[in-house]
Amino acid sequence: MILVTGGAGFIGANFVLGWLAEHDEAVVNVDKLTYAGNLGTLDALRADPRHQFVKADIADAAILQNLLVKYRPRAVLHFAAESHVDRSLHGPADFVQTNLVGTFALLEAARAYWVRLKGAEQENFRFLHISTDEVYGSLAPDAPPFCETTPYAPNSPYAATKAGSDHLVRAYHHSYGLPVLTTHCSNNYGPYQFPEKLIPLIISHALAGKPLPVYGDGKQVRDWLYVADHCAALRAVLARGCSGQTYNIGGWNEKTNLEVVHTLCALLDRLRPKSSGSYRDQVTFVQDRPGHDRRYAINASKIERELGWRPAHTFETGLEETVRWYLDHSDWVHQIISGDYLKWLETQYAQRA
Ligand code: NAD
Ligand code: TYD
């Protein structure tokens, strides 16, 4: 079996659902269920004996160690993190705690487990750390995309704590020989993404008739990848990646935020037209994010060349699937929009008005 952390969040849950759709290998899913974790996403697995959910904090090394000894996974896939840049600007402490202290505790537990494995079990064990392109900082408009050797230059507390966790993972390989793999992926989108992130936020605000907040001039560039393609890349890295290596994952798909918002409006105009006018009329430019990275782009040549992975979705097909999914799953969105999230929206966007 495999052990996944953060498997009730956006990418982790997509990974677990995709994994069990393709494999019979069981999954232990360890998640603290913060505001971003949602067991409803895993409803389809409620009676599935291949899925064991454990509510726990990755910073609790003793619990993690017990789970590893009990379930004896052949791999740990580490998704759990505080993941939203804007929240990291408001409250960086949670990011230091989970992304740095939590990853450290998890590495300690994994090391204690791994050193006691024998022979092939020890040799084949893998710790797959899921990181982000944001650790590389911001690119100039004409700079080449990030590759695996691009120097780290994190700019937000989120990026800095992810960078720190990458360094710890690297050090556990070099110092102790723990067989690790690290991936750096660009911005994901798709089903089950918490509505604080750009794409689901725009969809839900559009449908609610609310302003569509675009930070600054909206010309910041992100390299978007459909979440199922990210999950397929992670399966390839786990199966064929070389211990100690890092792999950049991206969709060769750079878009300005304004292009993304306009495309979403056009899709909604077609799939759920308003009685009059276009969703574009709701676009509102708001105060920029402090220290906002201007451009991210990933050079995914290494994973394509060495592991034979390529994205299966274009931005057009992936985005239309995503919009259709949110239109068909308004109950999922309503279920996770709690009082706390409404408070966050109020604080976050009142300040930017
Ligand atoms: P998310 O915020 O949707 O989910 C994070 C999950 O981790 C939640 O289920 C939460 O409950 C859980 N969690 C948080 N703190 C925990 C703790 N201390 N112990 C146990 N569980 C805890 O995040 P996501 O978008 O699914 O991202 C998953 C991973 O992928 C993160 O490591 C993130 O840095 C990385 N990543 C995300 C993107 C993206 O575009 N979303 C891109 C590249 C990399
Ligand atoms: P986000 O989804 O928060 O991902 P990240 O900051 O990790 O890239 O934001 C994607 C881009 O969209 C980023 O440049 C910030 C911008 N953005 C807005 O313009 N308005 C918003 O309301 C949000 C949440 C993001």
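We count residues from 1, following the sequence as given. Both counts, for ligands and for their atoms, begin at 1 and track the order of listing.
- Here atom 16 (C) of ligand 2 lies nearest to Asn257 when heavy atoms of Asn257, Thr256, Val214 are compared.
- With hydrophobic clusters built from ILVMFWY side chains whose heavy atoms lie under 4.5 angstrom apart, Leu201 does not share a cluster with Leu89.
- The Lys197 neighbourhood of ligand 2 comprises atoms 2 (O), with distances under 4.0 Å to a heavy atom of that residue.
- Distances below 4.0 Å separate heavy atoms of Glu196 from the following atoms of ligand 2: 24 (C).
- Taking distance alone, with nitrogen or oxygen atoms compared against 3.5 Å, Val85 stays at or beyond that limit from ligand 2.
- In this structure, the side chain of Asn248 engages the main chain of Phe146 through a donor-acceptor pair within 3.5 Å.
- Given atom 2 (O) of ligand 2, the protein heavy atom at minimum distance is Leu198 N, 3.0 Å.
- Among all non-hydrogen protein atoms, the one lying nearest atom 4 (O) of ligand 2 is Asn187 ND2, 3.3 Å.
- Near Leu201, meaning under 4.0 Å from one of its heavy atoms, ligand 2 places the atoms 22 (O).
- Considering only non-hydrogen protein atoms, atom 22 (O) of ligand 2 sits nearest to Tyr349 OH, 2.5 Å.
- Both Leu267 and Val227 sit in one connected hydrophobic cluster of ILVMFWY residues. Membership requires side-chain heavy atoms under 4.5 Å apart, directly or through other members.
- Rounding to the nearest 0.5 angstrom, the gap separating the CZ atom in Phe125 from the CZ atom in Arg72 is 11.0 Å.
- Aromatic rings from His84 and Phe194 are positioned such that their centres are separated by 6.0 Å or more.
- One finds no salt bridge joining Glu321 and Arg324 here, because no Lys/Arg side-chain nitrogen approaches an Asp/Glu carboxylate oxygen to under 4.0 Å.
- Put simply, no part of Tyr158 is less than 4.0 Å from ligand 2, judged by heavy atoms.
- Residues Tyr176 and Val115 fall within the same hydrophobic cluster, defined by Ile, Leu, Val, Met, Phe, Trp and Tyr side chains chained together at heavy-atom separations under 4.5 Å.
- In this structure, the protein non-hydrogen atom closest to atom 6 (O) of ligand 2 is Arg289 NH1, 2.6 Å.
- Under 4.0 Å from any atom of ligand 1, one finds heavy atoms of residues Gly6, Ala8, Gly9, Phe10, Ile11, Asp31, Lys32, Leu33, Thr34, Ala36, Gly37, Ala56, Asp57, Ile58, Phe79, Ala80, Ala81, Ser83, Thr98, Ile130, Ser131, Thr132, Tyr158, Lys162, Cys185, Ser186, Asn187, Asn188.
- Trp19 contributes a side-chain N or O that, together with a main-chain N or O of Glu25, makes up a donor-acceptor pair within less than 3.5 Å.
- A distance-only check finds a donor-acceptor pair linking the side chain of Gln282 to the backbone of Lys210 [under 3.5 Å].
- Note: no N/O pair closer than 3.5 Å links Gln220 and ligand 2 by distance alone.
- The shortest N or O to N or O distance between His292 and ligand 2 is under 3.5 Å.
- Nearest protein neighbour of atom 20 (N) of ligand 2, counting heavy atoms only, is Pro213 O, 2.8 Å.
- Looking at Asp31, its side chain never comes within 3.5 Å of a backbone N or O of Lys55 through a donor-acceptor pair.
- Under a hydrophobic clustering in which Ile, Leu, Val, Met, Phe, Trp and Tyr are joined whenever their side-chain heavy atoms come within less than 4.5 Å, directly or via other members, Val54 and Val16 fall into different clusters.
- There is a path of hydrophobic side-chain contacts, each under 4.5 Å, that joins Leu45 to Ile11.
- Between the side chain of Asn29 and the main chain of His51, no donor-acceptor pair closer than 3.5 Å is present.
- Those atoms of ligand 2 that come under 4.0 Å of a heavy atom in His84, given as number and element, are 3 (O).
- Looking from atom 25 (C) of ligand 2 to the surrounding protein, the closest heavy atom is Tyr215 CE1, 3.6 Å.
- With hydrogens and angles ignored, the 3.5 Å screen pairs no side-chain donor or acceptor of Arg294 with any backbone N or O of Ser138.
- Note on ligand 2: Glu134 sits in its first shell, one or more heavy atoms being nearer than 4.0 Å.
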